[in-house]
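Working notes, structure below.
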Amino acid sequence: MSSLFDFDAPPDRYAVMGNPVSHSLSPRIHTEFARRARQRLEYTAIQVDEGGFAQAVGNFQGAGGKGLNITVPFKQPAFALAERLSERAERARAVNTLRFDAGTIYGDNTDGAGLVRDLCVNLGLNITGRRVLLLGAGGAARGAIAPLLDLHPATLVVANRHVDRARELRSDFARADALRAGGFDDLEGEAFDLLINATSASLHGEALKLPASLLASGAWCYDMMYAAEPTPFLKWAAVYGAAGTSDGLGMLVEQAAESFAWWRGVRPDTSGMVRSLREYLRDRGA
Ligand code: NDP
């Protein structure tokens, strides 16, 4: 690991891999973390074709790269590729952070920790005893389940477009009594205090087909996707009277801080970053 003062050493190399990845704010975030933590590193975004993930990781590792963030749709392939897993990655069966050390690929999952920190610390929400709906059963949803269950919600319902995937996820958490799984149609007649969109529908500008009755009085809606404008899910939430809404910009910053700490052994200062990224998104218009 090189510090700011190792002027002869090349900067340590990190990147985010995904498809699509051009929208990613991770290079901007990690560059700012490095500046604040006085660490010398280079962080880029790498677009990877579906089917080319393992090869792309091998190339990056072979060229001396130190670590990767993994985004849509490669979190489960990253889980399969990692040779050693953190406990939270093992529980999630999905990996969003890789580290290369002495030829070994280590995998971690920082999504859940980042989500919970944003919900409970930044937004001040209380999850204990509440009814929580998690929409989606991909890598991000997988990472969120154990940290949400640790907060003892009354129920945690996972609903996914392809219901088999939600049921498979449920079976991976066999001993969690509060956890239920099903399809969107199964939600008819139910109401929740917190609705979290962990699908990538908003990424494609698509609205989910959800029953109007889902919002309990005082319900909050959270979209893991972030954008300059409210996402289709957050627009839906506003139409049906959500008491509060948030996109996933705070989660993005917090999960990135967890990854940075895992790589570099230093937790970066995240203060003010959501505000400055929000301004950047507005200026960029996306
Ligand atoms: P995955 O590709 O692993 O999973 C995608 C999920 O979205 C699946 O459950 C899939 O359902 C569902 N989905 C996709 N399109 C639709 C649609 N049109 N209607 C209904 N469901 C749909 O992605 P990730 O889990 O990695 O990421 C999910 C989202 O979370 C993305 O928008 C990503 O940007 C965001 N995210 C944000 C983070 C942050 O820090 N703010 C961190 C991680 C993720 P099915 O199984 O039926 O195909």
Side-chain angles (χ1 to χ4, degrees), residues 18-19 50 53 69-82 85-98 107-120 127-128 130-204 206 208-211 214 221-225 233 248 251-252 255 258:
N19 187 344
E50 291 209 30
F53 178 68
N69 283 130
I70 308 300
T71 187
V72 182
F74 298 120
K75 289 180 186 179
Q76 282 163 278
F79 171 77
L81 206 60
L85 292 163
S86 67
E87 194 190 325
R88 54 194 182 182
E90 193 116 43
R91 287 208 288 176
R93 301 185 67 76
V95 156
N96 79 331
T97 313
L98 293 172
D108 192 10
N109 190 313
T110 67
D111 280 338
L115 170 69
V116 160
R117 196 175 165 91
D118 194 36
L119 290 172
C120 299
I127 309 268
T128 306
R130 301 289 200 266
R131 297 159 292 176
V132 181
L133 173 63
L134 185 62
L135 298 160
R142 283 185 160 274
I145 291 197
L148 286 171
L149 287 172
D150 286 347
L151 296 169
H152 304 292
T155 51
L156 175 58
V157 175
V158 178
N160 196 49
R161 178 176 58 180
H162 292 103
V163 67
D164 291 356
R165 212 169 166 202
R167 294 203 176 116
E168 183 191 323
L169 192 155
R170 174 70 189 87
S171 68
D172 287 340
F173 291 85
R175 285 193 299 273
D177 293 340
L179 185 61
R180 287 192 279 126
F184 294 157
D185 293 344
D186 300 324
L187 298 171
E188 201 66 57
E190 298 223 42
F192 297 89
D193 305 301
L194 173 63
L195 292 78
I196 302 170
N197 182 19
T199 76
S200 50
S202 292
L203 200 59
H204 311 293
E206 292 171 29
L208 298 171
K209 292 183 184 62
L210 298 171
L214 287 184
C221 289
Y222 188 98
D223 197 338
M224 289 192 186
M225 172 67 188
F233 176 68
M251 173 182 175
L252 181 77
Q255 62 79 30
E258 288 278 324

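Keep in mind that what you see is a predicted model, and the values were worked out from it rather than measured.
The distance from atom OH of Tyr222 to atom CG of Leu119, rounded to the nearest 0.5 Å, is 5.5 Å. Atom-to-atom distance recorded for Leu195:CG and Leu187:CG is 9.0 Å, nearest 0.5 angstrom. The structure places OG1 of Thr97 at 7.0 Å from CG of Asn109, a figure rounded to the nearest 0.5 Å. Asn69 contributes atom CG, which lies 9.0 Å from atom NZ of Lys75 (distance to the nearest 0.5 angstrom). Going from atom CG of Leu81 over to atom CZ of Phe74 covers 11.5 Å, rounded to the nearest 0.5 Å. Between the CD1 atom in Ile127 and the CG atom in Leu115 there is a gap of 7.5 Å [rounded to 0.5 Å].
Listed here is the closest heavy atom pair of Gly107 and Leu98: CA-CD2, 4.1 Å. Counting all heavy atoms, side chain and backbone alike, Phe184 lies closest to Arg161 at CZ-N, 3.8 Å. Summarising the geometry of Val158 relative to Ala137, their closest heavy-atom pair is CG1-CB, 4.5 Å, with the distance given to 0.1 Å. Closest heavy-atom contact between Ala113 and Pro147: N-CG, 4.2 Å. Taking every heavy atom of both residues into account, Ala89 and Val95 meet most closely at CB-CG2, 3.9 Å. Nearest heavy-atom pair, Leu134 versus Ala198, reported as atom, atom and distance to 0.1 Å: CD1-CB, 4.0 Å.
Thr128 contributes a side-chain N or O that, together with a main-chain N or O of Leu151, makes up a donor-acceptor pair within less than 3.5 Å.
Evaluation of the side-chain hydrogen bond (donor to acceptor under 3.5 Å, both in side chains) test over residues 86-96, restricted to residues two or more places apart or in two chains, returns Ser86-Asp108, Arg88-Asp108, Arg88-Glu258, Arg91-Asp150, Asn96-Thr110, Asn96-Asp111, Asn96-Gln255. Applying the side-chain hydrogen bond (donor to acceptor under 3.5 Å, both in side chains) test to residues at least two apart or on different chains, the pairs with a partner in residues 167-186 are Arg142-Asp172, Arg180-Glu190.
A heavy-atom distance below 4.5 Å is found between the side chains of Arg165 and Asn160.
With sequence neighbours excluded, the residues that form a ring-ring contact (aromatic ring centres under 6.0 Å, His included) with Phe233 are Trp236.
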